[in-house]
Every structure is written in structure tokens, then in C-alpha cells.
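Worksheet: one structure, shown below.
Below, chains carry the letters A, B, ... as their sequence lines are ordered, and counting in each starts from 1.
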Amino acid sequence: MNWHTIGTVYVKELRDTLRDRRTLISMIIVPTLFMPGLIFGMGKAASVIVSKAKAEIPRVMVIGGADSPGLRSELERSGRFRLEKALPDWRKLISEKRIRAAVEIPDGFEKALLAGSAPAVTLYDYEGELKSGLAVEQLRGFFTDLRDKATSRLLAERGLPSTIAHPFEVRQVNVAPPEKVGGNLLGGIIPYFIIFLCLLGAMYPAMDLSAGEKERGTMETLLCCPAARTDIVLGKFLMVLTGSLFAVGSSLASLAATLLLAAASIKAGGVGDGMLSIDPLGILGVLALIVPVAVLFSAGLFAIALFAKSLKEAQSYVTPMTFLVIVPVAIGVLPGIELNFHLALVPILNISLACKEMLSGVWHWGYIGVIFGSTALYAAVALAVCVKMFRSEGVIFRT
Amino acid sequence: MIEARLLTKVFRDKKRGEIRGADKVSFRVEPGMIYGLLGANGAGKTTTLRMLGTLLKPTGGSASVAGHDVVAEPDRVRANIGFLAASTALYARLTAREMIAYFGRLYGMDERTLRARIGALSEELDMGDFLDRRCDKLSTGMKQKTSVARTIVHDPQVLIFDEPTLGLDVMTARAIVQFVRQCRGRGKTVIYSTHVMSEAEKLCDVVGIIHEGALRAEGTLAELRARTGEADLEESFVKIVTGGAAA
């Protein structure tokens with residue numbers, strides 16, 4: 001290996017890449033804007049949608065209960081619902097979102113309530129639909145209040161204390177530090193995006209430096225010089241790796257900045273801090289573990305793209321790789337899947353699971369060692385394949 | 001000096017089976033001489049030259065360039081040749097100076113020598129106006145000058161030109177032909193592959209006619225004319241490749 005040649009190729013590729021707008025977009029701009037866009041953009045959109053839904057007074061249909069006028073007027077007086085005239089096709093109206101929910105009051109409800117029996121009120125909603133869910137939540141709150149009042153009244157009538165209905169209280173107190181809470185909340189989703197961006201950052205340079213060079217006719221020019229093929233491929237590979245690591249670095253830096261800003265704005269809003277904070281050690285752990293993955297992606301993508309004759313052909317080979325990466329990462333994000341020795345050997349899935357654990361403050365050093373070692377081994381194999389392919393005239397001069 | 005001895009290249013294709021890109025091609029080129037390799041498209045010129053340039057490994061025979069075997073010492077062969085082909089392009093996002101310097105470094109030149117060499121080449125090829133312009137902004141002629149400078153930046157003993165005027169306008173093509181002639185004047189060993197007969201007539205000391213991978217005839221222009229009984233090289237070429245004349 002000649003480090004001067006490797007360095008010469010690397011510096012040239014870096015200069016060339018920094019002058020290429022398309023690579024800069026995939027390597028710097030997308031990863032930098034992705035996390036703030038996701039957290040602020042989606043967060044803002046979700047908050048607007050939920051606030052709007054909560055501000056709406058839901059249209060509710062009362063079915064039955066003609067002999068319980070008190071209940072009906074109580075519902076109206078509460079101002080929390082817009083009561084619609086009862087119609088026989090109320091189920092269809094809920095499905096079509098023309099009303100949000102319906103409440104069925106049994107005959108003789110008020111009479112039964114006074115007699116101390118337990119008539120059943122049925123609430124109808126469209127599960128999964130936000131506004132319908134909120135309407136039912138409101139209705140449930142209304143009827144819970146009504147039940148509590150009835151209970152208190154019945155107890156008072158019998159001369160019993162109201163605490164008889166609530167003999168004890170249940171409280172829940174969180175003992176996890178804020179960064180662990182943040183880690184658990186974001187730990188599942190962050191590895192998903194980091195691994196994806198690691199792939200994205202390597203993708204365009206890998207194609208441009210291999211198939212792109214073949215297509216433009218510069219590969220033959222390069223191979224005419226006395227530099228060893230291994231040195232050339234290593235110089236190019238280092239550039240692809242730089243693209244991948246730069247994408248991860250930019251996304252993590254922008255993520256850190258985003259979380260700091262988000263935490264500051266939450267604190268300023270008085271909602272409470274810590275919801276979006278993450279253990280910095282966890283971020284460092286992710287960064288360390290992502291290095292062999294970046295090597296694996298860079299070498300793998302470079303080898304695949306090298307086989308192609310043109311950028312277009314390379315894209316058709318490389319695009320399915322995205323799905324191959326997304327599937328194990330998505331499996332890792334699923335709740336309930338935990339790291340074990342066998343999963344620690346499964347490429348990509350192992351990183352996803354380990355990152356999730358590290359960000360929530362759990363460090364299984366044994367598994368982390370296995371993951372680092374196995375991923376480094378896979379990466380070395382991919383790099384060896386890459387070098388072998390670059391030395392093959394059947395690949396370089398494929399027609 | 002270049003010497004090819006029964007140089008053979010067989011490609012294996014799933015659909016077409018075995019294809020003989022070059023079939024026992026033998027020739028010798030001395031310093032200060034331009035050897036013209038003439039053939040139609042697909043005749044085997046590029047395959048032969050790529051083997052000499054160590055871009056392809058021969059499946060049979062042997063060849064040496066500047067005293068080095070193309071299989072045993074490919075790095076030394078490449079260090080001693082300048083390879084210019086119509087298909088060898090420039091890096092669009094680099095300037096002409098960066099392009100030449102990149103190759104100079106890959107040829108192991110130190111920075112001081114490289115700077116001096118780029119200055120000399122810029123003067124010789126009249127590149128001063130566009131030396132610091134990006135290659136994708138250059139005209140075809142400027143690009144070709146940059147390619148030439150890239151090819152000779154390390155001042156090689158042997159120069160291989162594979163259809164270097166393909167797709168060029170008359171003026172640029174003339175400049176290339178003139179440059180190749182100058183190389184001979186400097187004692188370089190030159191192989192010039194073309195299917196343009198007029199270029200071969202103007203440039204070549206010895207011509208080899210290649211067809212279907214095999215060298216069908218070889219000699220000076222006068223010898224080929226005498227052998228075929230034709231006054232015109234094009235007619236001689238046609239007669240040879242269609243079997244009307246023996247080597």
C-alpha cells in the first residue's frame with residue numbers, strides 16, 4: 001500500500017465531490033435539515049392538528065333517552081358538545097365524519113339512577129380517528145363526573161362518607177432521569193434515521209466514483225497511470241466513507257442542536273424539561289458503533305456500483321439496498337425486541353438494537369463488543385470484495 | 001521500444017461464446033518510429049493497445065514495453081507509457097491544471113518538478129488561457145490539449161494513441177497529428193491506432209493492418225502499396241481485409 005497514492009486519490013475525490021451539488025445535497029444538506037425538519041416540522045404539524053381537533057366542539061348524537069330530559073339538558077348545558085338530532089343512520093354518519101360520536105342512553109335511565117340500579121350508557125366512536133376519539137374522551141369525562149356526583153349523592157343519602165367509593169389513591173412517580181426518559185422516547189427512532197442517513201451519505205459518492213467514472217470515461221484514464229489498483233480503490237473508498245460519516249456527523253450535530261433548542265423552548269413554555277434530552281454518552285456510543293457500519297455500507301455500495309456501467313444502472317442496483325437496510329432497522333425499532341447474542345450477529349439489526357439501548361442508558365458491553373467485531377468483520381469482507389472487483393477487468397471493462 | 005509476441009486476448013461471452021479480441025498479434029516498434037495500427041471498428045485495435053497499456057491481461061502470447069513485461073511488471077509499464085484514447089476523458093469538475101497535476105502526482109512526480117512541467121506544457125500546448133478553467137467549461141480542442149498534457153506529463157518513452165482524433169474537428173485533429181509527429185521527432189516510441197487512412201498516410205512509418213483480431217499485413221506504406229498493387233492506402237486496406245492480398 002502506498003499512502004501517498006491513496007492520499008492523492010482521496011484529496012482529488014474530496015475536491016471533486018465538494019464541487020458536486022448532488023453529492024453535497026445527499027451528504028450535508030439532507031442530513032443536516034432532516035432531524036430539525038422531523039422534530040420541529042412534524043412536531044409542529046402534529047401539535048397544530050391536535051390543537052385544532054381539541055378546539056372543536058364535537059357533534060354528538062344522543063340515541064334514546066327521551067324519558068331522561070335532565071341528562072340531555074345537562075349534556076347541552078356543559079357546552080362541551082353540539083347535540084345533533086337523532087337519526088337512524090348514525091353509524092354511517094360517524095364513519096363519514098359528519099358527527100364525531102354517538103351516545104346511547106337506555107330507556108328509564110334517570111329513573112334507574114334514582115333507584116340506585118346501574119343502567120349502562122354506550123358510547124360509539126370511530127377508532128383510530130383523532131376527532132372521534134377526542135369526542136368520546138369528552139363524553140367519558142362527562143359521564144364519569146355524572147357518575148361521581150350520583151355516587152356522592154347516594155352515599156350522602158345513606159349517611160356514608162364519600163371516601164367509601166375511593167378507599168385509597170394510586171400515584172405514579174418517575175424515577176428515571178430526564179435524559180433516560182428522552183433516550184427511551186427517541187432511542188427507538190434515532191438509530192433508524194442515523195443508519196438510514198449513513199447509507200444515504202455513502203450512496204451518491206459510491207455511485208459517482210465508480211459507475212459515474214466509468215460512464216464519463218475517466219476510469220480508463222485513471223487506470224493508465226502506474227498507481228496500484230488497491231491504492232486507487234482505497235483512496236476512493238475513503239471518500240465514500242467520508243460521505244457516509246459526514247452525513248451521520250451532520251445529522252447528529254443538527255440533532256443535538258435541535259434537541260437543545262426544543263428543550264429550551266419546552267422549558268420556556270413551562271411544560272417541563274428533560275422530555276427531549278438524551279445522554280451525551282449515548283450519542284458518543286452511537287457514533288462509535290456507526291463507524292464499522294459506515295465502512296460496511298461504503299464498501300458494499302462501492303462494490304455494487306462498481307459493477308454497473310452507468311449511473312443509471314448503478315441506481316437500479318443500489319436502490320433495493322435501501323429496503324435491505326430499512327427492514328432490519330425497522331425491526332429493531334419495534335418494541336419488545338431485545339438484544340441477545342444471536343441478534344448481535346445480525347448486521348444492521350444489531351446496531352439498531354444497540355443504539356436504542358445506549359441512548360436509553362443501557363450498556364451491554366459484551367454484546368457491544370460482539371456487534372463491533374462482527375460488523376468490522378463484515379466491513380472488511382465487503383472492502384476485500386471491493387478491491388477484488390476493482391482489479392477485475394471483467395468488471396471494469398464490462399460491456 | 002514495444003514488442004508484441006503472439007499477443008492474444010479471448011473474451012468469454014455468455015451469449016456469443018468465445019470471442020478473440022486479438023489473435024496472435026506480433027509487431028515491434030522502435031524508438032523514433034510511429035507504428036500505425038489500422039483496422040475497422042471492432043477489428044481488435046483497442047484490445048491490443050489495452051493489453052500493451054496493461055489495462056487488459058493477455059490470455060496468450062507476451063509483450064514488453066520499454067523493456068518491461070506487461071504481465072510481470074504492469075506498474076513499470078504504465079510508468080513508462082502515455083496512453084491517449086478517444087475514450088479517455090477528463091474530470092469535469094477539476095481545472096485543467098488540477099487534472100494534469102493529479103496525474104503527475106499519481107506518476108510519482110514531486111511538487112516542484114510537477115509545477116515546472118505544467119508550466120512547460122502550458123507554454124508548449126498554448127494552454128495559458130484555460131489552465132485554471134474547469135474541464136467541463138472547455139471547448140473540445142482545449143479538452144484535447146489537456147488530455148495530451150495529461151498523457152505526457154511524466155515525459156514517457158512510449159506513447160500509445162488509440163483513435164485520438166475521433167470526433168474532433170479538423171483543426172483540433174490537425175493539432176493532434178502535428179503533436180504526434182513532434183513526439184517521433186523527440187525519439188519517442190509511438191503506436192497510433194486509427195481507421196482514418198489519410199492520417200496513417202501522413203504519420204506512420206510502418207503500418208499494421210488488423211482485422212478480426214489478427215494482424216493481416218504489416219509494412220511501410222510503400223511496401224503495402226507494392227504488395228496489393230494499389231496506389232491508395234485505402235484501396236490496399238480493403239484488399240487486405242477482404243483477402244485480396246497476403247501479408
Side-chain angles (χ1 to χ4, degrees), chain A residues 1-24 204-205 208-236 239 309-311 388 390-399, chain B residues 9 11-13 16 19 21 46-47 49-59 68 73-95 98-99 101-111 134-136 143 146-147 150-151 153-154 156 160 162:
Chain A
M1 262 196 313
N2 181 331
W3 285 103
H4 175 261
T5 306
I6 295 171
T8 301
V9 174
Y10 175 75
V11 169
K12 177 261 158 192
E13 297 298 359
L14 183 65
R15 177 180 285 159
D16 205 356
T17 300
L18 290 173
R19 289 176 186 171
D20 181 22
R21 205 176 45 211
R22 287 168 300 182
T23 314
L24 288 182
Y204 195 80
D208 191 53
L209 270 57
S210 54
E213 188 144 342
K214 273 193 204 177
E215 186 178 273
R216 293 187 293 267
T218 47
M219 186 67 91
E220 198 172 337
T221 315
L222 181 62
L223 296 179
C224 292
C225 76
R229 303 278 159 95
T230 307
D231 297 339
I232 295 174
V233 79
L234 284 176
K236 284 174 172 287
M239 180 56 232
K309 286 178 287 184
S310 65
L311 270 174
K388 194 174 164 57
F390 201 77
R391 296 166 78 103
S392 160
E393 62 185 48
V395 171
I396 298 296
F397 293 105
R398 195 174 140 249
T399 51
Chain B
K9 181 69 184 177
F11 297 105
R12 281 172 186 85
D13 186 89
R16 294 186 291 166
I19 303 155
T46 299
T47 301
L49 297 185
R50 280 180 175 172
M51 282 190 284
L52 293 175
T54 77
L55 297 174
L56 294 178
K57 205 174 262 185
T59 41
H68 303 287
E73 302 167 287
D75 295 351
R76 291 203 168 189
V77 169
R78 285 199 291 269
N80 284 287
I81 60 169
F83 196 106
L84 180 68
S87 55
T88 52
L90 303 173
Y91 290 109
R93 295 186 289 264
L94 294 190
T95 65
E98 287 166 348
M99 176 83 196
Y102 177 48
F103 279 87
R105 288 183 194 111
L106 290 178
Y107 279 105
M109 295 171 76
D110 64 77
E111 291 301 313
R134 270 171 59 151
C135 292
D136 56 357
K143 280 181 184 166
T146 308
S147 280
R150 188 272 304 164
T151 307
V153 64
H154 56 303
I160 298 175
D162 185 14

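- Contact annotation for B:Y107: both backbone and side-chain heavy atoms come within less than 4.5 Å of a heavy atom of chain A.
- Counting only distance, with no hydrogens or angles, the side chain of A:E13 and the backbone of A:G235 share no donor-acceptor pair below 3.5 Å.
- No option in B:T54, B:T151, B:L55, B:I81 other than B:L55 meets the side-chain contact (heavy atoms from CB on, under 4.5 Å) test with A:C224.
- Both the backbone and the side chain of A:R19 come within less than 4.5 Å of a heavy atom in chain B.
- When all heavy atoms are compared, the tightest approach of B:T59 to B:K9 is OG1-CA, 3.1 Å.
- Counting heavy atoms from C-beta on, the side chains of B:Y102 and B:R150 never come closer than 4.5 Å.
- Interface remark: B:L94 contributes backbone and side-chain atoms alike to the contact with chain A (heavy atom separation under 4.5 Å).
- Residues passing the salt bridge (Lys or Arg N to Asp or Glu O under 4.0 Å) test with B:R134 are B:D136, sequence neighbours excluded.
- Residue with the most contacts toward chain A among B:L106, B:N80, B:D75: B:L106 (heavy-atom pairs, distance under 4.5 Å).
- Between chain A and the options B:A85, B:A92, B:A79, the largest number of non-hydrogen pairs under 4.5 Å is found for B:A79.
- Interface residue B:R50: only side-chain heavy atoms are found under 4.5 Å from chain A.
- In this structure, chain B has heavy atoms under 4.5 Å from both the backbone and the side chain of A:L222.
- Shown here are the salt bridge (Lys or Arg N to Asp or Glu O under 4.0 Å) partners of A:R21, two or more places apart in sequence or in another chain: there are none.
- The existence of a salt bridge linking A:D208 and A:K236 is excluded, since no basic side-chain nitrogen approaches an acidic carboxylate oxygen closer than 4.0 Å.
- Neither the backbone nor the side chain of A:D231 comes within contact range of chain B; no heavy atoms are under 4.5 Å apart.
- For chain B, the option among A:I396, A:T8, A:T17 with the highest count of heavy-atom pairs below 4.5 Å is A:T8.
- Looking at A:V9, both its backbone and its side chain come within 4.5 Å of chain B, counting heavy atoms on both sides.
- You'll find the side chain of A:T221 stays beyond 4.5 Å of the side chain of A:E213, heavy atoms only.
- Comparing A:D16, A:L223, A:I232 by how many heavy-atom pairs each has under 4.5 Å with chain B, the most go to A:D16.
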